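Worksheet: the structure to be examined is printed underneath.
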Amino acid sequence: MRPALDVRDTDADWRELGRHEPYWGVISHPEFLSENITPEGIESFYLSGRQYIAEMIETLTRLTGQVPSGPALDFGCGVGRLAEAMAEHVPTTGLDISPGMLEVARKRGGKATYTDELPVGPFGWINSFIVFQHIPPERGLDLLEDLLVRLAPGGMTSIQLTAWRDARYERHDLTGWRRFYAERRHRHWVKTLPAGQIWMYDYNLSDVLRLLNQAGIEEMHLVSTDHGGHHGVIIFGRKTAQPNLA
């Protein structure tokens with residue numbers, strides 16, 4: 001996974017991954033490559049989703065004193081690994097932009113509903129895991145704002161994103177003309193790579209906090225995440241106040 005400047009059509013990358021590597025695109029382990037995937041591996045894949053969602057429900061219940069209620073939305077649902085697990089507890093819609101991944105999710109024949117358009121809501125629970133970290137922040141913040149508008153009063157969030165990375169992933173701190181030409185070369189390289197790449201982006205948590213507060217989410221708890229040196233948080237929140245859109 002590579003750091004990238006905001007010059008990619010990342011939707012095109014995920015559509016390509018959905019066509020050829022729908023499982024590996026979600027969990028980048030050799031076991032889930034199309035050439036290696038087995039029926040047992042697929043069941044293991046979905047079992048990991050049930051385990052994750054069980055942890056999310058336990059955490060939200062412990063923090064708020066209430067069990068998450070539906071309808072629920074899984075943003076960036078992919079092949080339905082988490083959406084199907086959520087649907088075992090509450091009515092759930094899975095949203096994704098990859099037709100290939102949505103096809104796999106629908107063919108599995110579970111309880112969740114799948115779409116490529118953002119539903120109106122409102123939702124009692126909005127979940128997103130290992131999704132925003134692959135969306136350029138300028139666009140990701142707009143998407144997050146759209147999601148939070150759809151959160152019902154008392155609704156809960158379990159939303160993960162990345163905020164910083166280990167030094168080995170940082171680009172060299174160049175200055176002057178060296179930095180200018182290095183960025184131009186990097187932008188050209190990023191643009192010319194074929195579709196199907198996985199990119200990582202870091203978010204400014206101050207920007208994220210502003211959107212959460214403006215949406216009426218005043219109760220929050222953050223849990224750190226680490227995906228191979230890309231560090232972030234899961235934001236457990238609850239909408240307890242009126243939105244402040246000023």
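Remember, predicted model here, so these are calculated numbers, not experimental data. Any value given below was found using the heavy atoms of this structure, including those in side chains, with hydrogens, waters and symmetry copies removed. In this chain, numbering begins with 1 at the start of the sequence shown.
Distance CZ/Arg19 to CE/Met101: 11.0 Å, rounded to 0.5 Å. Note that the NZ atom of Lys111 and the CE atom of Met86 stand 14.0 Å from one another [nearest 0.5 Å]. The CD1 atom of Ile234 sits 10.5 Å away from atom OG of Ser128, with the distance rounded to the nearest 0.5 Å. Tyr201 OH to Tyr203 OH: the interatomic distance, rounded to the nearest 0.5 Å, is 9.0 Å. Rounding to the nearest 0.5 Å places NZ of Lys239 at 9.0 Å from CD1 of Ile126. Taken to the nearest 0.5 Å, the CD1 atom of Ile217 stands 8.5 Å off from the OG1 atom of Thr240.
Between Tyr23 and His29, the ring center distance fails the sub-6.0 Å criterion.
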message: Under the criterion side chain to side chain contact (heavy atoms under 4.5 Å, CB included), I'd like the reasoning laid out for Leu33 against Glu21: C-alpha separation, chi angles, the key distance, then a yes or no.
response: CA-CA 6 Å; Leu33 286 168; Glu21 295 293 350; 3.8 Å; yes
- request: Assess whether side chain to side chain contact (heavy atoms under 4.5 Å, CB included) is satisfied between Trp14 and Ile97, documenting all intermediate values.
  value: CA-CA 8 Å; Trp14 289 100; Ile97 52 82; 3.8 Å; yes
task: Show the numbers, then the answer: is there a side chain to side chain contact (heavy atoms under 4.5 Å, CB included) between Leu144 and Val208?
output: CA-CA 8 Å; Leu144 178 60; Val208 175; 4.0 Å; yes
- request: Go through the steps for Thr10 and Arg15 under the test side chain to side chain contact (heavy atoms under 4.5 Å, CB included), then give the verdict.
  value: CA-CA 9 Å; Thr10 55; Arg15 291 188 183 102; over 6 Å; no
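Follow the hydrophobic side-chain contacts under 4.5 Å out from Leu161 and you never reach Phe236; the two are in separate clusters. Tracing side-chain contacts under 4.5 Å through hydrophobic residues (I, L, V, M, F, W, Y), one never reaches Val149 starting from Ile159; they form parts of separate clusters. Trp164 and Ile130 end up in different hydrophobic clusters when Ile, Leu, Val, Met, Phe, Trp and Tyr side chains are linked at under 4.5 Å. Put simply, Ile27 and Phe132 are part of two different groups of oily side chains (I, L, V, M, F, W, Y) that touch within less than 4.5 Å, one to the next. Using a 4.5 Å cut-off between side-chain heavy atoms of Ile, Leu, Val, Met, Phe, Trp and Tyr, with links allowed through other members, Trp24 and Val26 fall into the same hydrophobic cluster.
No side-chain heavy atom of His231 sits under 4.5 Å from any side-chain heavy atom of Ser224. Considering only heavy atoms from C-beta on, Val131 comes within 4.5 Å of Phe75 through its side chain. Two residues are said to be in side-chain contact when any heavy atoms from C-beta on lie closer than 4.5 Å; His230 and Thr162 meet this criterion. Annotation: side chain of Lys107 is not in contact with side chain of Val104 (no heavy-atom distance under 4.5 Å). Counting heavy atoms from C-beta on, the side chains of Pro22 and Ser34 come closer than 4.5 Å. Counting only heavy atoms from C-beta outward, the side chains of Glu31 and Asn36 never approach each other to under 4.5 Å. Contact check for Leu95 versus Leu73: side-chain heavy atoms found under the 4.5 Å cut-off. Using a 4.5 Å cut-off on side-chain heavy atoms (C-beta onward), Leu148 and Thr157 make contact.
Between Val120 and Arg150, the shortest heavy-atom contact is O-CG, 3.1 Å. Counting all heavy atoms, side chain and backbone alike, Thr61 lies closest to Pro68 at OG1-CD, 3.7 Å. Across Met156 and Leu151, no two heavy atoms sit closer than the pair O-CD1, 3.6 Å. Residues Pro119 and Thr93 approach most closely at CG-CG2, 3.9 Å, considering heavy atoms. Taking both residues in full, the closest heavy atoms of Met220 and Asn213 are given as CE-ND2, 3.5 Å, listed atom of the first, atom of the second, then distance. Across all non-hydrogen atoms, the minimal contact from Ile42 to Ile37 is CG1-CG1, 3.6 Å.
Look at Arg165 and Asp226 and you find no salt bridge, because none of the NZ, NE, NH1 or NH2 atoms lies under 4.0 Å from a carboxylate O. Look at Glu84 and Arg106 and you find no salt bridge, because none of the NZ, NE, NH1 or NH2 atoms lies under 4.0 Å from a carboxylate O.
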Per-pair distances, 0.1 Å, donor-acceptor, side chain in residues 48-57, under 3.5 Å, sequence neighbours excluded:
from  : atom 1 : to    : atom 2 : distance (Å)
Ser48 : OG     : Phe45 : O      : 2.5
Ser48 : OG     : Arg81 : NH1    : 2.8

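With 3.5 Å as the limit, one finds no donor-acceptor pair spanning the side chains of Thr92 and Trp125. With 3.5 Å as the limit, one finds no donor-acceptor pair spanning the side chains of Asp13 and His134.
Within the 3.5 Å criterion, the main-chain N or O of Ser206 finds a donor-acceptor partner in the side chain of Asn204.
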